[in-house]
Amino acid sequence: MLVDSHCHLDFPDFSDDGLDTVLDRARAAGIQRFLTISTRLTTVDKLLAISQQHDDVFCTIGIHPHHVAEQGVPSVDHLVSLSHHDQVIGIGESGLDYFYDKSPRDDQAESFRRHCQACVATGLPLVVHARDADDDVATILREESQGGKLKGILHCFSSGLGLAEAGLALGFHISFSGILTFKRSEALRDIAQAMPMDRLLVETDAPYLAPTPYRGKRNEPAYVLETAKVLADVKGVSLDELATATTANFNRLFALDQVAA
């Protein structure tokens, strides 16, 4: 049984064939739990509604760095208050994106810091987005860790080994998406091979980044199986071993060990 540790089930991409159908396909493929990720605080109600309708779907609250200019830098108190729902098990995704630069970098950084502070205040894990900003992401995580109180995920990991090592040193997990399956991702597979099994997660980032052999199509949670197969091969373990490890890692990080699947 696998977990899709990062998907966007509230996105309109899933409206054509229906979210229930998408989730049923994933369950049939052995996907046990789903974490649907917030990108805007204005859509939190939709995320909560999806989670309330499906016992195996959990959600986060937060503002993606792309949307900070539109949504504004949130207060720590507001983030904390929104996290007070049983379905909310994390905060984010937040971070820095210097590739698209859709929001001013200073605003991205301040929003990122406030998400970090909300995580420390609540004890919830942080979901980190990092693109072309490895050094600044690592610096902010170190400065906001408050002696190891910050935990979370470097999601859809496609950065360099330096950020992976910085994340591991802070107690973070590393999550791999369909990018790991791409033909030209040899360097990323080398990094994945070097990561400890007890820090690995798998995700789709659906509807984006469909893995091989579905590349170019809309991604969906069922396809996390393809990423897991490649990661198992990279690590030299069976798919069952990889699934057991990544599911246990997810459940431990999000304190779901005692919650029935």
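Index from 1, following the sequence.
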Smallest separation among heavy atoms of Gly152 and Leu253, with atom names: O-CD2, 4.1 Å
Hey, does Leu231 have a side-chain heavy atom less than 4.5 Å from the side chain of Leu180? yes
In this structure, would Phe112 and Leu150 fall into the same cluster of hydrophobic residues linked by side-chain contacts under 4.5 Å? yes
Using the side chain to side chain contact (heavy atoms under 4.5 Å, CB included) rule, take Leu154 and Ser159 through it: C-alpha gap first, then chi angles, then the decisive distance, then the call. CA-CA 9 Å; Leu154 299 179; Ser159 297; over 6 Å; no
Distance (rounded to the nearest 0.5 Å) between Leu23 CG and Cys7 SG: 8.0 Å
Hey, could you give me the CG/OG1 distance between Asp10 and Thr36, rounded to the nearest 0.5 Å? 5.0 Å
Is it true that atom CG of Asp132 has more than 12 heavy atoms of other residues, nucleotides or ligands lying nearer than 6.0 Å? yes
Pair Val3-Leu201, side chain to side chain contact (heavy atoms under 4.5 Å, CB included): steps then yes or no: CA-CA 8 Å; Val3 173; Leu201 297 171; over 6 Å; no
Answer whether the closest heavy-atom distance between the side chains of Asp101 and Gln108 falls below 4.5 Å. yes
Starting from the C-alpha separation in whole Å, work towards a yes-or-no answer on side chain to side chain contact (heavy atoms under 4.5 Å, CB included) for Leu209 and Thr204. CA-CA 7 Å; Leu209 301 172; Thr204 58; over 6 Å; no
Should we say atom CZ of Arg215 is surrounded by more than 12 heavy atoms from elsewhere, each under 6.0 Å from it? no
So CD of Glu203 and OG of Ser5: to nearest 0.5 Å the spacing works out to 5.0 Å
Under-4.0 Å salt bridge between Asp198 and Arg252: no
CA sep, side-chain torsions, deciding dist, call: Leu200, Lys235, side chain to side chain contact (heavy atoms under 4.5 Å, CB included): CA-CA 10 Å; Leu200 290 175; Lys235 295 296 295 180; 4.0 Å; yes
Quick test of your reading of the model: are Glu143 and Arg113 salt-bridged, counting only N-O distances below 4.0 Å? yes
Among Thr43, Asn219, Asp205, Asp13, find the residue that satisfies the side-chain hydrogen bond (donor to acceptor under 3.5 Å, both in side chains) test when tested with His8. Asp205
Does a side-chain heavy-atom distance below 4.5 Å link Asp20 with His54? yes
Between Arg218 and Pro207, which heavy-atom pair has the shortest distance, and what is it? CG-CB, 3.8 Å
Below 4.5 Å, heavy atoms only, C-beta onward: do Ile37 and His155 meet side chain to side chain? no
When rounded to the nearest 0.5 angstrom, what is the spacing between CE in Met197 and CD in Glu241? 6.5 Å
In Å, rounded to the nearest 0.5 Å, how long is the span from NZ of Lys151 to OG of Ser145? 14.0 Å
Report the distance from atom CZ of Phe172 to atom CG of Leu141, rounding to the nearest 0.5 Å. 5.0 Å
Smallest separation among heavy atoms of Thr212 and Glu226, with atom names: O-CB, 3.6 Å
Side-chain heavy-atom pair Leu225, Leu239 within 4.5 angstrom cut-off: yes
Quick one: does Asp97's side chain get under 4.5 Å of Lys102's, heavy atoms only? no
